[in-house]
Amino acid sequence: MKTILAAYSGVLRGTGSCILSALQDLPSAFWPCRSKVEKHLRVISVLQWIISFLAMGAACTVLLIYMFCTDCWLIAAIYTAWLIIDWNTPKQGGRRSSWVRNWTMWAYFRDYFPIRLVKTHNLLPSRNYIFGYHPHGIFCFGAFCNFGTEATGFSKKFPGIKPSLATLAGNFRLPVLRDYLMSGGICPVNRNSIDYLLSHSGTGNAVVIVVGGAAESLHCAPGTNIVTLKNRKGFVRLALQKGSDLVPVYSFGENDVYKQVIFEEGTYLKALQKRLQKTLGFAPCLFHGCGLFFGSSWGIVPYCKPITTIVGEPITVPKIEDPTEETIDLYHAMYIKSLQSLFDKYKTRFGLEESDVLYIQ
């Protein structure tokens, strides 16, 4: 009580030194615990990304339309005109920002799980690469943190390599969200965008494709190691046409951060999920994490489970403008074998048993 009165008397006398001295003498109970503050910042950093990804585009679209009905219509008109002029930028390398990629917020995002990036081989800046990322998980936290930010030090571990994480092209049709995604070096997962990065941006480019996509997310659950890959050969064809090396990437723990209700094959709900996936381009999953205020409750906050992303050995791919199906199958088989070896080599180091296997469907 005396220290509080001392601080108050300092204010009355207008002496800043007395205030500082009195505040320093206050019991530590008056100040929030540093570890608790950092914990809250980690949760906030993760939540802002989830909410931004799910709602920013729709919210900004509604706001833009509403502004046309207000006195701010001129601002909305100018932005819309600029949006039309800038429409093809995502397909032409985007507009990444090293400042955004190095935000301190991403370090809190990384430490929430935590997320770690492991390098196994050097990558040459004189080559271009296609990274195949597995598994999809619900929100691809590992892919975003490792390749959409510098929180895990990608540029320091792979000097001269510029990563571009590919995601749904529809996200780049939404105002504000498109710019937010591009600032992290994220691009549309379509032929035009990837062609541009691998053909018109020199060398040292690494396009990261979540090969399993929405179909794979329907199978993600804690303890499962299932990837959708057997019939996914388009990325191999593209690698051959561009002469870009293939790099298998596996994230241990990506499936553990949410619990999902997985419907059995043949049921009405499973059929509905698949139909919506084909129509919308993403899978409507029924999942949950922990609550925002109580860890034992259900919510959208992911569980704090470590995610370790292993970047495997590159597979050298020749440039063949019109590869035959036999050639595509050959390199596809090589890729599957490399991914399987990567999984088997590191699985026991990151929480799995020797008996655990990678199921490829």
Side-chain angles (χ1 to χ4, degrees), residues 32-33 35-59 105-116 133-146 148 151 167-168 171 177 210 212-228 251-277 279-309 350-352 356 359:
C33 177
S35 61
K36 288 185 178 180
V37 172
E38 290 186 346
K39 181 181 179 181
H40 294 323
L41 288 173
R42 290 168 189 167
V43 173
I44 291 169
S45 67
V46 173
L47 272 180
Q48 75 80 25
W49 168 245
I50 295 172
I51 294 171
S52 295
F53 189 76
L54 292 177
M56 179 186 283
M105 176 174 63
W106 305 133
Y108 289 112
F109 183 100
R110 173 200 64 204
D111 294 339
Y112 174 82
F113 296 93
I115 296 173
R116 179 185 172 199
Y133 183 90
H134 314 270
H136 184 286
I138 297 293
F139 281 111
C140 299
F141 289 122
F144 169 71
C145 186
N146 288 307
T167 187
L168 289 174
N171 291 323
L177 176 63
V210 185
E216 190 172 87
S217 66
L218 293 175
H219 301 282
C220 69
T224 62
N225 306 293
I226 302 173
V227 298
T228 302
S251 272
F252 293 94
E254 183 73 62
N255 285 344
D256 297 336
V257 297
Y258 283 114
K259 294 179 181 179
Q260 181 183 184
V261 178
I262 299 179
F263 303 109
E264 294 183 7
E265 291 291 340
T267 62
Y268 171 77
L269 291 174
K270 190 69 171 183
L272 179 62
Q273 276 186 320
K274 290 183 176 180
R275 182 174 298 179
L276 289 173
Q277 173 208 323
T279 304
L280 303 175
F282 64 90
C285 303
L286 187 60
F287 66 92
H288 73 85
C290 57
L292 180 59
F293 301 105
F294 303 101
S296 58
S297 62
W298 287 9
I300 199 172
V301 181
Y303 293 107
C304 297
K305 301 291 184 180
I307 299 174
T308 305
T309 303
F350 302 110
L352 299 182
D356 288 325
Y359 294 97

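With sequence neighbours left out, F139 forms a ring-ring contact (aromatic ring centres under 6.0 Å, His included) with F141, Y258, F287. The ring-ring contact (aromatic ring centres under 6.0 Å, His included) search around H134 returns Y335, not counting sequence neighbours. Contacts of F252 classified as ring-ring contact (aromatic ring centres under 6.0 Å, His included), with partners at least two apart in sequence or in another chain: Y250, F343, F350. Here H288 pairs with W298 under the ring-ring contact (aromatic ring centres under 6.0 Å, His included) rule; sequence neighbours left out. Partners of R42 according to the salt bridge (charged side-chain N to carboxylate O under 4.0 Å, His left out) rule, which considers only residues two or more places apart in sequence or in another chain, are E38. Residues passing the side chain to side chain contact (heavy atoms under 4.5 Å, CB included) test with L41 are V37, Y108, sequence neighbours excluded.
Counting all heavy atoms, side chain and backbone alike, C145 lies closest to I115 at CB-CD1, 3.5 Å. Across all non-hydrogen atoms, the minimal contact from A107 to A151 is N-CB, 4.2 Å. Minimum heavy-atom separation, L47 to I300: CD2-CG2, 3.9 Å. Between T228 and A215 the shortest heavy-atom distance is OG1-C, 4.3 Å. Across every non-hydrogen atom of E216 and I226, the tightest pair is CG-O, 3.9 Å. Taking both residues in full, the closest heavy atoms of D256 and P222 are given as OD1-CA, 3.3 Å, listed atom of the first, atom of the second, then distance.
Between the side chain of Y133 and the backbone N or O of T309 there is no donor-acceptor pair closer than 3.5 Å. One N or O on the side chain of S45 and one on the backbone of F109 form a donor-acceptor pair closer than 3.5 Å. Not a single donor-acceptor pair under 3.5 Å links the side chain of E254 to the backbone N or O of C220.
Counting only heavy atoms from C-beta outward, the side chains of F113 and V46 approach each other to under 4.5 Å. Side-chain contact between V43 and L292 is present, with at least one heavy-atom pair separated by less than 4.5 Å.
In this structure, F144 and W106 have perpendicular ring planes: the angle between them is above 60°, well past the 30° mark.
The OG1 atom of T224 sits 4.0 Å away from atom CG of N255, with the distance rounded to the nearest 0.5 Å. With rounding to the nearest 0.5 Å, the separation of CG in N146 from SG in C140 is 11.5 Å. Summarising the geometry, atom NZ belonging to K259 is positioned 10.0 Å from atom SG belonging to C290; distances are rounded to the nearest 0.5 Å. To the nearest 0.5 angstrom, T267 atom OG1 is 11.5 Å from I262 atom CD1.
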